[in-house]
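Structure first, commentary second.
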There are 2 protein chains.
Amino acid sequence: MDASALACDTPLVAPAMSDTEAEALAQALKAVADPTRVKLLHRLISAAPDGVCVCDLTAPLGIAQPSVSYHLRILRQAGLVERRQERNFAYFSVRAEALRRLATLLDPTPQEVRT
Amino acid sequence: MDASALACDTPLVAPAMSDTEAEALAQALKAVADPTRVKLLHRLISAAPDGVCVCDLTAPLGIAQPSVSYHLRILRQAGLVERRQERNFAYFSVRAEALRRLATLLDPTPQEVRT
DNA sequence: TCTCCACATCGAAACCCATCTATATGCAGA
DNA sequence: TCTGCATATAGATGGGTTTCGATGTGGAGA
């Protein structure tokens with residue numbers, strides 16, 4: 001498959017990303033790559049750190065309650081938000097470090113080494 | 001639709017994100033939220049700043065050439081990579097500021113004001 | 001216990017996306 | 001001009017995703 005490449009050269013330093021790593025990163029990004037979930041995250045980010053209850057998320061988004069539940073599950077499975085149950089209400093809040101880590105992975109600037 | 005909300009309260013400071021804004025951000029993120037495109041970006045980021053030619057991207061990704069072309073188009077339409085034609089070859093390179101801007105938007109940490 | 005409320009899950013319908021093969025385009029050399 | 005190569009586009013197909021209405025679940029009050 002690669003024996004014929006004599007046309008152009010690639011200096012390429014890094015040894016390519018593994019399939020596993022690429023899929024993990026893509027999956028995390030997919031969790032955010034939806035207008036409804038972007039809005040959800042925005043609301044959760046700009047709200048109180050102890051979370052927002054679902055009943056306050058349904059109406060302003062203009063979609064049905066099961067849809068909100070679905071999107072919150074996606075975000076939760078991606079580790080981007082967390083759920084706290086209190087009486088009948090479920091409060092959702094962002095996991096700031098998870099979002100920050102995702103942001104760091106996207107940033108092409110060479111980062112300083114982390115401890 | 002909203003007159004009955006008397007169950008829980010939301011302090012909510014920010015005035016919700018506009019549909020347009022949310023969709024723009026989601027679309028940019030969608031461009032990255034794919035394993036193949038993550039790998040492509042990784043290669044372009046870790047390669048020389050003057051770009052990598054398509055012929056060097058096709059083989060290592062294990063997908064057909066039109067698929068590579070398709071993904072590069074997605075990334076280009078999102079403004080994340082740019083294309084430079086030289087003779088028969090097309091060289092692609094990352095737009096670092098675009099990626100960095102996306103990373104910044106994801107970061108929940110309150111940023112310093114930009115000029 | 002019975003009922004109500006908040007939220008989650010189910011199943012179906014509509015839609016979008018990644019991939020392929022086949023083909024077009026455009027440059028360069030013979 | 002004709003041929004060959006690198007890349008892009010077209011059209012088709014299979015699979016995944018978002019949305020909904022209907023229903024399940026579990027806590028709290030009557």
Side-chain angles (χ1 to χ4, degrees), chain A residues 1-10 19 22-23 26-40 44 51-78 81-93, chain B residues 1-2 4-10 19 22-23 26-41 44 51-78 81-93:
Chain A
M1 268 74 154
D2 60 301
S4 62
L6 46 87
C8 43
D9 54 340
T10 312
D19 285 17
E23 260 165 54
Q27 188 132 358
L29 286 166
K30 255 179 206 173
V32 200
D34 176 275
T36 302
R37 294 196 285 273
V38 164
K39 283 197 239 173
L40 274 174
L44 295 183
V52 182
C53 99
V54 181
C55 59
D56 283 323
L57 292 171
T58 306
L61 283 176
I63 56 177
Q65 173 264 322
S67 300
V68 177
S69 218
Y70 164 74
H71 287 296
L72 286 171
R73 183 158 58 88
I74 301 282
L75 289 173
R76 197 156 69 91
Q77 282 172 346
V81 308
E82 61 188 1
R83 196 188 112 110
R84 177 174 54 89
Q85 180 99 25
E86 195 165 315
R87 299 169 181 266
N88 271 2
F89 307 103
Y91 290 85
F92 282 85
S93 51
Chain B
M1 273 71 165
D2 59 301
S4 62
L6 46 89
C8 43
D9 54 341
T10 312
D19 286 17
E23 261 164 55
Q27 188 134 357
L29 286 166
K30 257 180 204 170
V32 200
D34 177 275
T36 302
R37 295 197 284 273
V38 165
K39 283 197 241 173
L40 273 174
L41 276 180
L44 295 183
V52 182
C53 101
V54 181
C55 60
D56 284 324
L57 292 171
T58 306
L61 284 176
I63 57 177
Q65 171 265 322
S67 299
V68 177
S69 218
Y70 164 72
H71 288 295
L72 286 171
R73 183 157 59 87
I74 301 283
L75 290 173
R76 197 156 69 90
Q77 283 172 346
V81 307
E82 61 188 0
R83 196 187 111 110
R84 176 174 54 89
Q85 180 99 24
E86 196 165 315
R87 298 171 183 266
N88 270 4
F89 306 102
Y91 290 85
F92 282 85
S93 51

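Numbers restart at 1 for each chain; the letters A, B, ... are given by sequence-line order, proteins then strands. The structure displayed is predicted, hence computed values, not measured ones.
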How would you list, by chain and number, every residue that makes a salt bridge (Lys or Arg N to Asp or Glu O under 4.0 Å) with B:R83, sequence neighbours excluded? none
Smallest separation among heavy atoms of B:V68 and B:T58, with atom names: CG2-CA, 3.9 Å
On DNA chain D, more 5' by nearest nucleotide between A:G62 and B:L72 is B:L72
Closest-nucleotide 5' rank along DNA chain D - winner of B:F92 and A:A64: B:F92
For the pair made of CD1 in A:I63 and P in C:dC7, what is the distance, rounded to whole Å? 14 Å
My understanding is that only residues two or more places apart in sequence, or in another chain, count here; which of them pass side chain to side chain donor-acceptor pair (under 3.5 Å) with B:R76? none
Can you find a donor-acceptor pair, distance only, under 3.5 Å between A:Q65 side chain and C:dA8 base? yes
Is there a side-chain polar atom (N or O) of B:S69 under 4.0 Å from OP1 or OP2 of D:dT7? no
Residues passing the side chain to side chain donor-acceptor pair (under 3.5 Å) test with B:N88, sequence neighbours excluded, are none
Considering residues at least two apart in sequence or located in another chain, which fulfil the side chain to side chain contact (heavy atoms under 4.5 Å, CB included) criterion with B:Q27? none
B:E23: which residues meet the side chain to side chain donor-acceptor pair (under 3.5 Å) condition with it, sequence neighbours left out? none
Using whole Å, what does the distance between atom P of nucleotide D:dT17 and atom CG of A:L75 come to? 14 Å
What's the closest nucleotide to the side chain of B:P66 if the choices are D:dA10, C:dT9, D:dA6? D:dA10
Nearest non-hydrogen partners of A:F92 and A:L44, listed with the distance: O-CD2, 3.4 Å
Which letters describe nucleotides 11-18 of chain C, given B = protein heavy atom under 4.0 Å from base, S = only from sugar-phosphate, - = neither? ------SB
Partners meeting side chain to side chain contact (heavy atoms under 4.5 Å, CB included) with B:A33 (sequence neighbours left out): A:L29, A:K30, A:A33
Which ones in residues 81-88 of chain A lie close to DNA chain C, meaning a heavy atom under 4.0 Å from one of its atoms? A:R83, A:N88
Would you say B:R73 places a side-chain N or O within less than 4.0 Å of OP1 or OP2 belonging to D:dA8? no
Any pair with a residue in residues 60-74 of chain A that passes side-chain hydrogen bond (donor to acceptor under 3.5 Å, both in side chains), sequence neighbours left out, goes on the list, sorted by first then second residue, please. A:R37-A:H71
